[in-house]
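Protein chains get the first letters and strands the later ones, always in sequence-line order, with residue 1 at the start of each. Computation of the quantities below employed the complete heavy-atom set of this structure, encompassing side-chain atoms and omitting hydrogens, waters and symmetry-equivalent molecules.
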Amino acid sequence: MSLDYDSLYYMEDKRLKFTDSSNDQLESTLAGVLYGDKKNIEVDLFAVDNDDGRKAVIQVRNLYKIYKVGTNKVRALNGVDFNVYEGEFCAIVGTSGSGKSTLLNMLAGLEKPTKGEIIIDGQHIEKMNENQLVKFRRENVGFIFQSFNLIGTMNALENVALPLTFRGIPKVLRLKRAMKLLRLVGLKEHAKHRPNQMSGGQQQRVGMARALVVNPKIMFADEPTGNLDSRTSKEMMNLMREVVNKQKKTLVMVTHDDTLAAIADKVIRIVDGKIVALEDRSTKVMED
Amino acid sequence: MRISDILEMSLTNLWKRKMRTVLTVLGVVIGTASIVVMLSLGLGLKQAMMDQVGSAGGLTEILVYSDAMYGSDDLLLDDKTIEVFSEMEYVENVQPQLIYSMPFQIGNYEGYMDLVGVTPEYLSQIPLGQGEYPDSKGNMRIIVGNQVVMSLVNMTTGEWPDFESGEAPNVDFMTMPMIGGLEVEETYEADNDVSEDVTDNLADINEDFAVEEDFSLGTDEFNSESDEDDSDFSDDELDREPYDEWEDEVYSYFSNDMKRVPINVAGVTEGDLNTYAEYSYYCYTDIEALKSFLKQQYSVNSIIPGQPTDRSGKPYRDLKYSQLTVKVDKADNVETVLESIQMLGYQAEAQKEWLEEIEKEFMIIEAVLGGIGAVAMLVAAISIANTMTMSIYERTKEIGVMKVLGCGLGNIRSMFLAEAGFIGFLGGIVGLVLSYTISFLLNKFLAPMLMSDYGSNVNISAIPLWLVLAAIVFSTIVGMVAGFFPAQRATRLSPLAAIRNE
Ligand SMILES: Nc1ncnc2c1ncn2[C@@H]1O[C@H](COP(=O)(O)OP(=O)(O)OP(=O)(O)O)[C@@H](O)[C@H]1O
Ligand SMILES: [Mg+2]
């Protein structure tokens with residue numbers, strides 16, 4: 001794929017963000033996409049569908065998160081750029097403390113970046129206030145937690161239906177839909193079980209059904225298998241893979257386990273708040 | 001989120017922590033009950049007061065009175081005055097009252113009655129226990145108040161049974177003959193010489209019964225005989241009276257020179273000895289009957305006791321009324337009519353004015369009592385705030401999860417406000433039940449001790465419907481206000497709390 005000057009100007013008119021092509025990460029991210037010999041031209045190719053016709057659902061630009069602890073500055077994220085395309089299963093991997101959770105939280109709008117942009121489905125979420133963020137999550141995002149975080153007083157069915165409650169959907173309808181999703185994750189016999197009457201794996205399936213119930217465009221999961229044994233983790237991964245394939249969801253998952261990450265379409269490897277490698281299997285497959 | 005879902009979640013959360021909810025609600029129960037009971041005391045007292053005033057229709061009435069008979073220079077009230085008032089705008093009618101006081105004997109007892117001559121309309125609204133209503137025709141007949149019997153004193157022993165032993169004498173007004181004592185002018189003194197001994201009343205009764213017929217027939221005769229009377233004599237007579245009494249050593253309302261006339265009783269007002277009503281201590285009769293009775297008994301130039309005299313001490317030709325009740329068409333016009341009556345120089349007051357005064361005073365009493373109760377409510381409010389803060393602290397993670405799952409900030413606030421509001425609401429309801437119980441007990445056991453002045457079945461504590469509604473609304477609002485800051489805190493909790501693992 002090549003770019004001529006016309007398309008560059010076109011993009012400029014559309015006020016798209018241009019980034020420094022001297023940046024290592026940008027080059028690696030854009031490898032095979034941009035033949036950049038013009039050092040000072042900042043090109044943003046993420047805004048347009050690439051040659052596969054894929055649409056970037058999540059665009060992260062030059063993202064920084066700096067925590068101040070006393071007089072110390074912790075650079076949890078130190079300039080991150082990447083795209084996640086529609087229908088993609090994206091895994092963020094890295095060692096403990098590398099900034100994976102920080103990144104995911106910012107993508108979900110749970111934390112504000114120090115600097116940089118996060119564009120999800122065309123909306124700049126770093127500019128939203130808390131009310132807008134909640135609304136944004138309600139309408140676009142499903143979330144799977146490491147520690148399941150089911151509401152202890154509600155049974156599985158009610159837990160799955162909870163996000164629909166926040167959307168003001170009548171009880172009969174939401175319970176019906178929740179049941180459908182419980183069936184999808186293979187837990188329809190456990191509908192009346194409280195969280196403390198289920199195994200970790202079952203709880204996480206409920207958590208997944210809860211994330212899926214609002215039919216979100218994007219799902220986030222922070223170490224969804226962190227509290228599960230390896231066998232159950234594998235099952236969980238397969239289930240997630242299946243859901244992404246069948247329901248055409250975009251899934252961003254944080255994990256520190258490379259074997260689990262292997263199931264993803266794209267693996268973003270982070271070390272000390274920077275992306276050190278980006279494996280895009282779907283592209284590779286296409287290149288092959 | 002739907003309101004029903006918000007309420008359901010709040011209730012579930014309260015139910016989840018039953019013990020704590022119950023304890024917090026208990027605080028509100030006590031707070032509500034203190035305010036309601038305190039206010040109910042003020043309201044009960046006011047109600048008792050209002051009932052005593054006999055405010056039925058009282059709001060459209062103006063009372064015009066004259067103290068001329070007690071020597072004040074108030075303007076006199078007579079038929080002319082009635083005419084003047086009747087012609088005023090907004091006035092519907094004017095009803096006179098004539099009061100004549102006299103001692104009376106019945107059986108072995110004597111007493112002193114205020115006999116009130118009223119219009120037939122007034123008379124007919126007095127509830128009767130026995131007998132029938134008198135009319136203006138024939139001899140004067142009276143209605144005796146149901147508690148008049150309590151004022152009777154034994155003539156021979158001077159004993160006052162009601163005061164000394166709390167027992168009313170066994171006297172039946174309907175069957176036993178009653179004798180009234182009339183102060184008379186010099187000319188008639190000779191007739192009464194027979195009855196020097198007060199105890200010798202049987203003979204008198206017989207004698208007076210015999211005379212009775214004469215009274216009704218021979219009015220003119222008496223009038224002509226008394227023409228030559230001079231009022232100077234009666235003053236001397238008054239000076240002499242006490243000596244006679246002290247000699248007997250038993251106090252008597254009767255003086256030797258009084259004329260004794262039989263009084264016919266037509267009925268007794270409703271109620272037993274313990275039921276107080278506006279009418280309980282008075283005797284009533286038709287005003288025209290009383291007028292003709294007095295005209296029969298007193299000659300034109302004689303001074304009727306209780307009637308005013310002119311400057312030279314001479315009596316007036318016609319009877320003067322003690323008070324007029326001016327009935328106005330609407331309460332709104334009372335002010336106007338009252339002003340025009342007062343402009344003419346009459347002593348007048350409207351019940352309305354007076355009631356408004358009382359109302360103002362009771363507002364202060366209620367504010368003070370309510371304020372005392374409010375302290376308990378304040379403590380309850382603090383306890384609600386504390387409970388809510390605790391609950392939010394415990395549920396930090398849950399709130400975070402809900403935020404991550406897209407629960408609106410407003411919805412989170414509503415959930416906690418609803419929870420606090422529920423505590424207030426429940427406390428209000430149970431508090432009212434408690435208030436009714438306390439109120440009932442106060443009325444049953446305390447009221448008879450404190451409120452005997454107002455009659456026997458008077459309530460000391462009253463909880464009107466508006467107070468019930470106000471209490472529920474108020475306790476709910478208190479709950480929500482107390483829960484506001486904790487709820488606000490919940491909306492500010494970071495959703496990250498849900499994701500971090502402890
Ligand atoms: N609220 C905070 N205040 C200060 N420093 C923080 C805060 N949150 C995270 N950090 C720091 O930022 C860095 C990245 O943290 P993060 O939670 O993203 O790591 P992680 O990759 O998710 O690790 P793990 O695999 O152990 O979950 C860490 O060095 C951490 O100490
Ligand atoms: Mg983490």
For A:Ser101 and A:Asp222, which I'm curious about, is there any donor-acceptor pair between the side chains at under 3.5 Å? yes
In the structure I gave you, are the side-chain heavy atoms of A:Lys249 and A:Asn215 within less than 4.5 Å of one another anywhere? yes
Does any backbone or side-chain atom of A:Ile169 lie under 4.5 Å from a heavy atom of chain B? Answer side chain, backbone, both or neither. backbone
May I ask you to decide if the ring planes of B:Phe422 and B:Phe425 are parallel, tilted or perpendicular, using 30° and 60° as cut-offs? perpendicular
Quick one: which of A:Gly109, A:Pro170, A:Gly142, A:Gly152 has the most heavy-atom pairs under 4.5 Å with chain B, could you say? A:Pro170
Between A:Glu111, A:Glu139, A:Lys135, which residue shows the highest count of heavy-atom pairs closer than 4.5 Å to chain B? A:Glu111
Interface residue of largest heavy-atom contact number with chain B, from A:Val141, A:Leu133, A:Ile151, under 4.5 Å: A:Ile151
Using 4.0 Å as the upper bound for N to carboxylate O, is an ion pair formed by B:Asp5 and A:Arg167? no
Hey, mind stepping through A:Asp258 and A:Arg269 against salt bridge (charged side-chain N to carboxylate O under 4.0 Å, His left out) and telling me if it holds? CA-CA 10 Å; A:Asp258 284 341; A:Arg269 196 167 296 277; 3.2 Å; yes
Strictly less than 4.5 Å between heavy atoms, which residues of residues 7-42 of chain B line up against chain A? Please order them by number. B:Glu8, B:Met9, B:Lys16
Mind listing the closest non-hydrogen atom pair of A:Met198 and A:Gln203 along with its distance? O-NE2, 3.3 Å
Please confirm whether the backbone N or O of A:Val213 pairs with a side-chain atom of A:Arg177, one donor and one acceptor, at under 3.5 Å? yes
A:Leu110 versus chain B, heavy atoms under 4.5 Å apart: side chain, backbone, both or neither? both
Could you walk me through whether A:Val243 and A:Met219 satisfy the side-chain contact (heavy atoms from CB on, under 4.5 Å) test, starting with their C-alpha distance in whole Å, then the side-chain angles of each, then the deciding distance to 0.1 Å, before giving a yes or no? CA-CA 11 Å; A:Val243 164; A:Met219 295 211 292; 4.2 Å; yes
Polar side-chain atom of A:Thr232 near backbone of A:Leu228 as donor-acceptor pair, under 3.5 Å: no
Let's test your reading of the structure: which of B:Cys407, B:Pro495, B:Ser494 forms the most heavy-atom pairs below 4.5 Å with chain A? B:Cys407
Please classify the contact of B:Leu496 with chain A as side chain, backbone, both or neither, using a heavy-atom distance under 4.5 Å. side chain
Quick one: which of B:Val401, B:Ile6, B:Val404 has the most heavy-atom pairs under 4.5 Å with chain A, could you say? B:Val404
Region of A:Pro216 that comes under 4.5 Å of a non-hydrogen atom in chain B: neither
With a 4.5 Å cut-off on side-chain heavy atoms, are A:Val74 and A:Ile66 touching? no
